[in-house]
Amino acid sequence: MARVRTAVRPSEHLSVDDLLQMYYYMVLSRKLDERMWILNRQGKAPFHISGIGHEAIQVAQGFAIRKGHDWFFPHYRDIATCLILGVTPLQMLLALLGKEGDIFSRGRQMPEHFSYPEGKIVSLSSPVATQIPQAVGVALAARLRGTDEVVVVGFGEGSTSEGDFHEGLNWAGIYQLPVVFVCQNNQYAISVPVSKQMPVENVADRAEAYGMRGVIVDGNDVLACYDVMVEAVERARRGDGPTLVEAKTYRPVPHSSADDDRSYRSREEVEEWKRRDPILLFEKALAERGVLSEEKRQEVYAQVAQTVEEAVATALNAPYPPVSSANTGVYGPFDRVKRSRYSPDLIM
Amino acid sequence: MARVRTAVRPSEHLSVDDLLQMYYYMVLSRKLDERMWILNRQGKAPFHISGIGHEAIQVAQGFAIRKGHDWFFPHYRDIATCLILGVTPLQMLLALLGKEGDIFSRGRQMPEHFSYPEGKIVSLSSPVATQIPQAVGVALAARLRGTDEVVVVGFGEGSTSEGDFHEGLNWAGIYQLPVVFVCQNNQYAISVPVSKQMPVENVADRAEAYGMRGVIVDGNDVLACYDVMVEAVERARRGDGPTLVEAKTYRPVPHSSADDDRSYRSREEVEEWKRRDPILLFEKALAERGVLSEEKRQEVYAQVAQTVEEAVATALNAPYPPVSSANTGVYGPFDRVKRSRYSPDLIM
Amino acid sequence: MAVKTNLEAVRDTLAELMERDPSILIMGEDVGPRGGVFQATRGLFDRFGPDRVIDTPLAELSIIGVGIGLALHGFRPICEIQFADFIFPAFNQILNEAARYRYRSNGAWSVPMIIRAPYGGGVSGGLYHSQSVEAFFTHIPGLYVLAPSTPYDIVGLLRTAAQAPDPVLFFEHKRLYNLVKGEVPETYYEIPIGEADIKREGSDLTVISYGLTLHEAIKAADQLATEEGIQAEVIDLRTLKPLDMDTIFASVEKTGKVLIVHEDNLTGGWGAEIAARIAEQMFEWLDAPVMRLAGPDVPAVPYAPPLERWFMPLADKIKAKMRELAEY
Amino acid sequence: MAVKTNLEAVRDTLAELMERDPSILIMGEDVGPRGGVFQATRGLFDRFGPDRVIDTPLAELSIIGVGIGLALHGFRPICEIQFADFIFPAFNQILNEAARYRYRSNGAWSVPMIIRAPYGGGVSGGLYHSQSVEAFFTHIPGLYVLAPSTPYDIVGLLRTAAQAPDPVLFFEHKRLYNLVKGEVPETYYEIPIGEADIKREGSDLTVISYGLTLHEAIKAADQLATEEGIQAEVIDLRTLKPLDMDTIFASVEKTGKVLIVHEDNLTGGWGAEIAARIAEQMFEWLDAPVMRLAGPDVPAVPYAPPLERWFMPLADKIKAKMRELAEY
Ligand SMILES: Cc1ncc(C[n+]2csc(CCOP(=O)(O)OP(=O)(O)O)c2C)c(N)n1
Ligand SMILES: Cc1ncc(C[n+]2csc(CCOP(=O)(O)OP(=O)(O)O)c2C)c(N)n1
Ligand SMILES: [Mg+2]
Ligand SMILES: [Mg+2]
């Protein structure tokens, strides 16, 4: 499916350790995610939106950027990437439950609205595509400051219909900024299929209209994704301009815990894609390379299971944020504001 | 400059009468426009925004559509097209001055905010590009009703940076609607040159991203424009989908009466383009075809001068709308609204 | 009489309107086979087909922009914005375009259309799936803004909205979709735009509300009557723009005391306009200051359950404020 | 002391800020070589170069969106929206993004930036070059909203705005750009956000305003004092959000009568919030109803000169309303 093959294949230079790390994060993300679904179904988590099936491109982008140096504006499905960049499973779960230790928002936002300044993961909101021009602004800032930071910004294919997508890519093209646009094209925006979303076959076909490279990659093949992402990131770093990467993938689960996908797609279609599950594919590739024994595989799963279960137990027992916390921090401290005795509209 | 040549050349079938009509409207629009500038400079008209230099594409589109049948969402420079579709010079001038007979808005909007239901010219606002998705909506309506109406929508190249452009063209592409997008690329959005507006050389290069044809035409060559417009309109009518037409042209005058263009472009550049004035070019072409004698030329100018001066005299003497008129028509009559005695917020 | 939920009232009325008026279209994200994320359009796609129930791209600006074009051509689109929080990409098309077409063209053009948007908190939606956005629209001349909160009112007002010659914002509180049940007569009826409804009679004080807080206000009023014998009159605005000042003023004449309650944050909320009008025009009738109870001035409702409860102006808070007013 | 116009005050202060703080950038349509359509940035491009004075594409959503990104990286962008009427394509980025970054991330991220927008009528701008849009922003928690109307206040507040840790809307009335002249001290000063200014002392009634109508209110007050001996106190809000209720309430305690004047249309305008607060908290001090005078509820200012005059709440209308209030 990858129509553009990268000339260089950085994935060939990945060490066994790197490969196993990538594998570990794919499994960790998947198992954590599945556990979050269960917590939701048990009535313990009001909401969940899932990265299942999207782990290949997510892990690839996480390994392609310089952790803590490059910037990341996530798509809400990017659980795997965020784990790689430093968010812990426990932090994910505390956010899921809206508990005190939710580092993303302290219980203000719905789950999967990531924010992690240490990993330069910028706070995500719900209105889709708004992050795209913002990411371009960070890339412009990097250019103006002369740093070699790269910005990666994620979104779904549905989000490309918004004006924000157009305006953001237009700027990035004009100034040839160091930004990589990563579209996880999972064929649906909730129920709306790609054919009703856009008149072109591929999101990447639009890159040319913005004077930039477009690359299509098999979004379920982590090594192919890694090659494409490394190339795009390093081009951006070298000053060779932005890239629009389209990772073709699929969402084998409902859109979110509030969705029921049976009304808009067949079970056959879902099963068909499950056969190309990114973890399955990667296990096969690793086995072929002789990197993953069955024993090692089981070890990873066991380690992940333990990590996740410990985190779940802690998260369930964690307190909620104090009610008083919600009434703070609309504005930052600023001593040049006159505080009026009667004014209710300024919550610092 | 026209990179796409039309296979068919409907302009070759234009009668002498048609050609002279086209010529007449070009001269009428130009002379009326020049007179409007003078009224502004005399302090009699608060504002004017001009179509000077853009008359070739404007006349072409006016002649390419079926008057009163096809729909027209104008660009604010489209004085010539509106004249062809039935707006009189007097009506233009009454709008310029905000007088009672302003059919566009009865003195509410600034000049050149056209509206003329008889000619299916839809009311234009000032925020650029908003008309684009609206035009697509009319085209969708035509499709749903099974009519063979075509919608032509105009805008400048600067306006293509707005999200509205992207969203509108995306819809038109998905449903392959009968709409022709006409971009008058006059190289500047006020002072901002194309190079700072977009990373591609041509607006039409973006058509492909919307699954539609893109055509570039010499916007100062009325017959070339006519060929391109007829082809695009008739394709749309046949159900063969939308076209993005880019007419390369130039604005030899300031952006509007409120602009001073000396800060952002050289006099040489302006003079260079004036040598390719669409009226000059058309006069040459007509003379070559033996259609326009010097005598006929003078006759047209004399007729236009008289028409314009008569209209100016009438417009200057026309009354303003009564003050009471401004306080009506925010809402249409609707008998199922309870009118409260004290409610000031519902002006019918 | 059929008993329906608010959601059923919306859905059944949409079907009825489409049946009766071929110019009505439904368009929005996931309104087609999915039936809308709240199921407000369930079954309509199968019944009326893809030409009349249109799954749009994920692009609110053009949902409204294309809707305007359809209206210009004589259709009456009912555009669904999936969550009111996501209406803002379309704000320019609503404010500068839909609301101004008639006035700017001196009546030559108009855009009759309905924009439906589920709004409000209490659903663990966090900052971006809980917003109350009505005050951004009630300020705009040229729009009708409706916010009915019972099945009866939804049916009656949606029928009327579908005949209005101008754009109508139709806000549906999503927490009430399945929470509220009520009787809907089989016989056809309409409710005029701009007519408030006294949902509970009383003579000690007047409470003005709409949406979820309307139901909470009724609950609070009932409790207060039982517990302390204070009789509050509860006015359901139903229509936010235009305001039914006649009904409001008549109640103020009777009670002399007013409390306005809404979920949207206090400062600059729609309650301000209501309070300002009462304060100006009923000055001599007031026995106490016009009070407001509203969401706190933070950016919408937080997600964590205790924080969400903190935000929402529910019955307990309303009752406390009513008591304060009664005792003034 | 230099005498400057409002426009010069803006321009000179922008230059001063850029000189002092390398993190400040200017971005907007035509702000570069053209110097802005009102010349508010004239000379800055030559002085500071294209990296700090950025001519943007014609795309407001991204002017703000890209500005947010710059702010996240530590720049302090000053984004110009060419006319306030054209701010709405960016409304989602302002409301859902800029205003909410801090709260939604529990303070981990913030976007200090200034959004400058010329607003208001009286310039033959018609419906789309005359709008007063402040009420859409004063309702939004997380924003500061400033609207200074004299050179002195513009300089002092722009300096403060350039240090604020959160987004600031900075509205400049375009009719006043060259109309108002005033003294600006050579020595450095700042004006705190949220501090109103009593522009004229008086004891008979209080007029609260900002923008063009502030100057008209002063004119009306002077005339009324001369003609009828009525002494009005005129408060210039300068900052719209947060409101300086201390100054307002102190004046109401003194006069017992309040008139609020703004150019934006009445219903749902910012005057409603001010009136509601006074009515609620100063109930016992009021000797007359809180009155409002504002633009009529039509979609902005018409173009034709007589219609434009009809719209604008200028001195004659203000004087009449002040007299009505004084006589109450
Ligand atoms: C502006 C806006 N409109 C609507 C929504 C509701 N919504 C949430 S996710 C979604 C679909 C997104 O599809 P896509 O971009 O393809 O991402 P995916 O969920 O498929 O990964 C929609 C419509 C939203 N969040 N924001
Ligand atoms: C949304 C919006 N932003 C800004 C403006 C101010 N403005 C009016 S015309 C114009 C330039 C338009 O350029 P272009 O689209 O190329 O058309 P041209 O005037 O060159 O024909 C600008 C910035 C506007 N009218 N609308
Ligand atoms: Mg998708
Ligand atoms: Mg142009």
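In what follows, chains are A, B, ... by sequence order, proteins preceding strands, each numbered from 1.
- With a threshold of 4.5 angstrom between heavy atoms, Val122(A) approaches chain D through its backbone and through its side chain.
- Of the listed residues (Arg145(A), Glu149(A), Arg106(A)), the greatest number of heavy-atom pairs within a distance under 4.5 Å of chain D belongs to Arg145(A).
- Inter-residue side-chain proximity for Thr130(A) and Asn96(D) is flagged as unmet; no heavy-atom pair is nearer than 4.5 Å.
- Atom NE2 of residue His166(A) and atom OG of residue Ser62(D) lie 8.5 Å apart, to the nearest 0.5 angstrom.
- Of the listed residues Asp345(A), Leu346(A), Asp335(A), Ile174(A), the one with more heavy-atom pairs under 4.5 angstrom with chain D than any other is Asp345(A).
- Remark: Gln281(D) CD is packed, more than 12 non-hydrogen atoms of other residues, nucleotides or ligands lying under 6.0 Å away.
- Checking each of Ser105(A), Ser115(A), Ser123(A), Ser126(A) against Arg104(D) for a side chain to side chain donor-acceptor pair (under 3.5 Å) leaves exactly one that passes, namely Ser123(A).
- Between Glu195(D) and Val337(A) there is no side-chain heavy-atom pair separated by less than 4.5 Å.
- Only the backbone of Thr328(A) comes within less than 4.5 Å of a heavy atom of chain D; no side-chain atom from C-beta onward does.
- At a 4.5 Å heavy-atom cutoff, the contact between Ile140(D) and chain A is made by backbone atoms alone.
- Pro141(D) places none of its side-chain heavy atoms less than 4.5 Å from the side chain of Ile347(A).
- Judged by distance alone, the side chain of Ser340(A) and the main-chain N or O of Asp246(D) form a donor-acceptor pair under 3.5 Å.
- Looking at Phe114(A), neither its backbone nor its side chain comes within 4.5 Å of chain D, counting heavy atoms on both sides.
- The aromatic ring centres of Tyr331(A) and Tyr103(D) sit 6.0 Å or more apart.
- Using a 4.5 Å cut-off on side-chain heavy atoms (C-beta onward), Arg336(A) and Ile193(D) make no contact.
- Tested against Leu70(D) for a side-chain contact (heavy atoms from CB on, under 4.5 Å), the candidates Val136(A), Val138(A), Leu144(A) yield a single pass: Leu144(A).
- Note that CD of Glu162(A) is 8.0 Å distant from CG of Asn92(D), once rounded to the nearest 0.5 Å.
- Atoms NZ and CG, on Lys338(A) and Leu243(D) in that order, are 11.5 Å from each other to the nearest 0.5 Å.
- Per-residue counts of heavy-atom pairs under 4.5 Å with chain D were compared for Val151(A), Leu124(A), Ile132(A); the largest is that of Leu124(A).
- Neither the backbone nor the side chain of Met110(A) has a heavy atom closer than 4.5 Å to any heavy atom of chain D.
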Item to check | Residue pair Glu97(D), Ser125(A): steps toward the side-chain hydrogen bond (donor to acceptor under 3.5 Å, both in side chains) verdict | outcome: CA-CA 7 Å; Glu97(D) 300 297 317; Ser125(A) 65; 2.5 Å; yes

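- We find that Arg339(A) and Asp244(D) are not joined by a salt bridge, their nearest charged nitrogen and carboxylate oxygen being 4.0 Å or further apart.
- Contact annotation for Asn170(A): only side-chain heavy atoms (C-beta onward) come within less than 4.5 Å of a heavy atom of chain D.
- A heavy-atom distance below 4.5 Å is found between the side chains of Gln134(A) and Gln93(D).
- Both the backbone and the side chain of Gln163(D) come within less than 4.5 Å of a heavy atom of chain A.
- By the 4.5 Å heavy-atom criterion applied to side chains, Val66(D) and Tyr175(A) are not counted as neighbours.
- Using cut-offs of 30° and 60° for the angle between ring planes, the Trp109(D) and Trp71(A) rings count as tilted.
- Leu140(A) is not listed as a side-chain neighbour of Phe75(D), based on a closest heavy-atom distance of 4.5 Å or more.
- The candidate with the highest count of non-hydrogen atom pairs below 4.5 Å against chain D, out of Ala326(A), Gly163(A), Gly107(A), is Ala326(A).
- Proximity to chain A (any heavy atom under 4.5 Å) is shown, for Thr160(D), by both the backbone and the side chain.
- Considering only heavy atoms from C-beta on, Arg100(D) stays 4.5 Å or farther from Val330(A) through its side chain.
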Next on the checklist: Does Phe104(A) form a side chain to side chain contact (heavy atoms under 4.5 Å, CB included) with Asn106(D)? I'd like the steps, not just the answer.
Outcome noted: CA-CA 7 Å; Phe104(A) 306 150; Asn106(D) 191 39; over 6 Å; no

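- Nearest heavy atoms, Gly332(A) versus Asp166(D): N-OD2, 2.7 Å.
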